[in-house]
Amino acid sequence: MAAPGKCFLVTGPPGVGKTTLIIKVFESLRSSNPNLKLQGFYTREIREGTQRVGFEVVTLDGRKGLLASNKISSPESHRWPTVGRYRVDVASFESLALPELQVKEDTDLFIIDEVGKMELYSSSFFPAVLKILETGVPLLASVPIPKAGRDIPGVARLKNHPGAAIFTLNPNNRDAIKEHLFSLLSDQLQKSIRCAGV
């Protein structure tokens with residue numbers, strides 16, 4: 001099991017700014033230490049005008065792939081699982097996200113935005129997340145807020161992990177949490193780098 005303090009989970013209602021916060025923390029870490037080896041992905045809305053028509057997966061080095069859409073209508077897409085009005089393209093998600101979750105010897109931090117219902121339709125996704133936790137490499141992830149008071153089983157497992165610290169965002173505390181997470185991760189990564197250098 002990972003040592004405590006390795007799993008930083010950001011949660012909060014839809015639209016509160018979880019992805020924005022994770023991207024800002026990632027950018028701050030990368031600019032303060034360009035040699036850090038960061039792996040993972042974040043999800044971003046796909047919009048047409050003011051309408052949200054889907055979600056895409058974006059790797060930390062900028063590659064993109066479809067996660068879900070309400071515009072695609074093909075014989076193949078009718079077999080895709082649905083979340084709300086979106087069809088989830090599991091194969092597209094896996095082809096981009098799963099290689100990013102492979103643990104390499106020199107990885108300093110994993111970023112996963114998010115561990116949610118769409119991503120969990122991939123049967124390989126959650127085992128890859130658990131494998132990361134077993135390595136002790138720090139993980140910064142976002143998770144959805146419980147619906148009707150109940151977490152998705154995978155999310156519940158993450159929250160109950162002995163190394164989990166949970167940060168609940170609201171519009172008033174976003175900036176403070178961003179600074180707090182940045183300093184916590186900076187400290188954690190400095191320790192990892194020092195240990196690796198011994």
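This chain uses plain numbering: 1 for the first residue, then up along the sequence. This is a predicted model, so every value here is computed, not measured.
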Q: Above 12 or not: heavy atoms from other molecules or residues under 6.0 Å from NZ of Lys147?
A: no
Q: For Lys159, is there an ion pair with Asp151 - N to carboxylate O distance below 4.0 angstrom?
A: yes
Q: Looking at Gly136, is its backbone amide N or carbonyl O close enough to the side chain of Lys6 to form a donor-acceptor pair, meaning the two atoms are under 3.5 Å apart?
A: yes
Q: Centre-to-centre under 6.0 Å for Phe125 and Phe93, is that the case here?
A: yes
Q: Checking the side chain of Thr82 only, and the main-chain atoms of Gly84 only, is there a donor and an acceptor separated by less than 3.5 Å?
A: no
Q: If you measure from the Lys or Arg side-chain nitrogens to the Asp or Glu carboxylate oxygens, is any gap between Asp61 and Arg63 under 4.0 Å?
A: yes
Q: Drop me the distance from Tyr42's OH to Glu56's CD, to the nearest 0.5 angstrom.
A: 8.0 Å
Q: Are any side-chain N or O atoms of Asp108 and backbone N or O atoms of Lys37, one a donor and one an acceptor, separated by less than 3.5 Å?
A: yes
Q: Tell me if a side-chain donor or acceptor on Ser69 pairs with a main-chain N or O of Gly54 at a distance below 3.5 Å.
A: no
Q: Verify the distance criterion only: is there a donor paired with an acceptor across the side chains of Thr59 and Glu100 at less than 3.5 Å?
A: no
Q: Is there a donor-acceptor pair closer than 3.5 Å between any side-chain N or O of Thr107 and the backbone N or O of Val103?
A: no
Q: If we ignore hydrogens and angles and just use 3.5 Å, is the side chain of Lys117 paired with the main-chain N or O of Ile152 as donor and acceptor?
A: no
Q: Does this structure show an ion pair linking Glu179 with Arg174, if we count only N-O contacts that are shorter than 4.0 Å?
A: no
Q: Are there over 12 heavy-atom neighbours, none belonging to Arg47, within less than 6.0 Å of that residue's CZ?
A: yes
Q: Just wondering, do Leu60 and Phe41 contact through their side chains at under 4.5 Å, heavy atoms?
A: no
Q: Under a 3.5 Å distance rule, please check whether Asn173 uses its side chain to pair with a backbone N or O of Leu169 as donor and acceptor.
A: no
Q: Checking the side chain of Ser95 only, and the main-chain atoms of Ser92 only, is there a donor and an acceptor separated by less than 3.5 Å?
A: yes
Q: For Lys24, does the NZ atom have more than 12 heavy-atom neighbours from other residues, nucleotides or ligands under 6.0 Å away?
A: no
Q: If we ignore hydrogens and angles and just use 3.5 Å, is the side chain of Ser142 paired with the main-chain N or O of Lys18 as donor and acceptor?
A: no
